[in-house]
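When reading the values below, keep in mind they use all heavy atoms of this one structure, side chains included, and skip hydrogens, waters and symmetry mates. In what follows, residues are counted from 1 in the order of the sequence shown. Here the structure is a predicted model, which means the values were calculated and not measured.
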Amino acid sequence: MIELIIPKLPMRHKETTENFYALLGFEVLQNEFPHYLMMKKETVEIHFFEYQDLIPAANYGQIYIRCSNLEKLYKHYIEIGVKIHPAGSLQKKHWNQTEFSILDPDHNLITFGEKSLSV
């Protein structure tokens, strides 16, 4: 019966969030409510709620996005100037995933991962 999960992340400034996720390739799905934003890329949908008192350094919001062609996405993000998290460069993890991470303007941690090919 459960079909889909849609994360809801805090944002301080709607326009800043929209611009950042647009850089990542997301498109606005809905923007008619002043304190709420919905964005989508392919099959991934993320919602954002306004939280102006958010202290980015104290934000523990995070999501994991499973991908294909992860290395291509990683290179593309670097080419367009997306900052990779200092501890989140592209690497194969011991749990058989290859991953990289970024922080959005409100310090929500976004990790992209792909199942590693067996060697």
Side-chain angles (χ1 to χ4, degrees):
M1 291 164 108
I2 296 176
E3 297 180 12
L4 182 66
I5 186 169
I6 299 171
K8 293 169 69 173
L9 298 173
M11 66 177 173
R12 291 172 295 159
H13 307 289
K14 189 174 182 178
E15 185 177 342
T16 301
T17 299
E18 182 179 333
N19 291 339
F20 178 80
Y21 282 87
L23 180 65
L24 300 181
F26 284 77
E27 296 179 356
V28 173
L29 187 59
Q30 182 275 97
N31 191 9
E32 62 194 58
F33 302 106
H35 307 291
Y36 203 80
L37 174 66
M38 297 179 196
M39 299 196 74
K40 184 173 184 174
K41 180 178 181 176
E42 299 165 12
T43 61
V44 174
E45 188 174 322
I46 306 172
H47 294 193
F48 302 91
F49 61 94
E50 187 178 88
Y51 182 29
Q52 290 185 350
D53 294 333
L54 177 71
I55 300 167
N59 182 12
Y60 294 98
Q62 52 185 295
I63 59 173
Y64 191 97
I65 300 175
R66 193 156 311 238
C67 302
S68 58
N69 298 315
L70 185 69
E71 189 172 339
K72 181 179 178 181
L73 181 66
Y74 179 75
K75 289 178 181 177
H76 172 68
Y77 283 171
I78 289 173
E79 288 172 4
I80 62 171
V82 175
K83 289 185 181 181
I84 305 303
H85 187 284
S89 61
L90 185 70
Q91 53 187 288
K92 184 176 180 181
K93 303 293 187 173
H94 67 274
W95 49 86
N96 202 33
Q97 290 285 119
T98 301
E99 301 175 349
F100 74 92
S101 298
I102 63 175
L103 288 172
D104 76 5
D106 296 301
H107 281 216
N108 292 298
L109 180 69
I110 314 300
T111 301
F112 299 88
E114 177 178 35
K115 186 173 181 168
S116 299
L117 298 175
S118 300
V119 229

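- Other residues, nucleotides and ligands contribute only 12 or fewer heavy atoms inside 6.0 Å of the CD atom of Glu71.
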* Asked: Do Leu103 and Lys83 pass the side-chain contact (heavy atoms from CB on, under 4.5 Å) test, and can you show the C-alpha distance, the side-chain angles, and the key distance before you say yes or no?
  -> CA-CA 8 Å; Leu103 288 172; Lys83 289 185 181 181; over 6 Å; no
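- For the atom pair Asn96 CG and Ser116 OG, the distance stands at 5.0 Å (nearest 0.5 Å).
- Distance alone, capped at 3.5 Å, places no donor-acceptor pair between the Glu99 side chain and the Ser101 backbone.
- The shortest side-chain heavy-atom distance between Lys14 and Asn31 falls under the 4.5 Å cut-off.
- The distance from atom NE2 of His107 to atom CG of Asn59, rounded to the nearest 0.5 Å, is 8.5 Å.
- Contact of the Glu45 side chain with the His47 side chain is registered, since non-hydrogen atoms from C-beta on lie closer than 4.5 Å.
- Between the SG atom of Cys67 and the CD atom of Glu42 there is a distance of 8.5 Å, given to the nearest 0.5 Å.
- Contact annotation: the side chain of Ile110 approaches that of Leu9 to within less than 4.5 Å [non-hydrogen atoms, C-beta and beyond].
- With a 4.5 Å cut-off on side-chain heavy atoms, Glu50 and Gln52 count as touching.
- Between the side chain of Asp104 and the backbone N or O of Asp106 there is at least one donor-acceptor pair closer than 3.5 Å.
- Note on Met38: it does not cluster hydrophobically with Ile63, by side-chain heavy-atom contacts below 4.5 Å among ILVMFWY residues.
- Proximity of the aromatic rings of Phe26 and Phe20 is defined here by a centroid distance below 6.0 angstrom, and this criterion is not met.
- For CD1 of Ile80, the number of neighbouring non-hydrogen atoms (other residues, nucleotides, ligands) closer than 6.0 Å is greater than 12.
- Side-chain atoms of Arg12 come within 3.5 Å of backbone atoms of Pro105 as a donor-acceptor pair (strictly under, hydrogens ignored).
- Contact check for Leu90 versus Thr98: side-chain heavy atoms found under the 4.5 Å cut-off.
- Taken together through direct or relayed side-chain contacts under 4.5 Å among Ile, Leu, Val, Met, Phe, Trp and Tyr, Leu109 and Ile65 form parts of separate hydrophobic clusters.
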* To do: Go through the steps for Lys75 and Glu79 under the test salt bridge (Lys or Arg N to Asp or Glu O under 4.0 Å), then give the verdict.
  => CA-CA 6 Å; Lys75 289 178 181 177; Glu79 288 172 4; over 6 Å; no
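- When the shell of 6.0 Å around CG of Leu4 is examined, it contains more than 12 heavy atoms from other residues, nucleotides or ligands.
- Side-chain contact between Glu18 and Val28 is present, with heavy atoms from C-beta onward closer than 4.5 Å.
- A donor and an acceptor atom, one from each side chain of Asn108 and Gln62, are nowhere located under 3.5 Å apart.
- Residues Phe48 and Ile102 are members of one and the same hydrophobic cluster, defined by side-chain heavy-atom contacts under 4.5 angstrom among Ile, Leu, Val, Met, Phe, Trp and Tyr.
- Around the NZ atom of Lys93, the shell of radius 6.0 Å holds more than 12 heavy atoms that belong to other residues, nucleotides or ligands.
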* To do: Take Leu37 and Met39, measure what side-chain contact (heavy atoms from CB on, under 4.5 Å) needs, and give me the verdict at the end.
  => CA-CA 7 Å; Leu37 174 66; Met39 299 196 74; 3.9 Å; yes
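- Separation of the His35 and Phe49 ring centroids does not fall under the 6.0 Å cut-off.
- Residue Gln91 places its CD atom among more than 12 non-hydrogen atoms of other residues, nucleotides or ligands, all under 6.0 Å distant.
- Counting only residues at least two apart or in different chains, ring-ring contact (aromatic ring centres under 6.0 Å, His included) contacts with residues 64-91 comprise Tyr74-Phe100, Tyr77-Phe112.
- When the side chains of ILVMFWY residues are joined at heavy-atom separations under 4.5 Å, either directly or via intervening members, Leu23 and Ile46 end up in a single hydrophobic cluster.
- Linking Ile, Leu, Val, Met, Phe, Trp and Tyr whenever their side-chain heavy atoms come within less than 4.5 Å leaves Met11 and Leu29 in two separate clusters.
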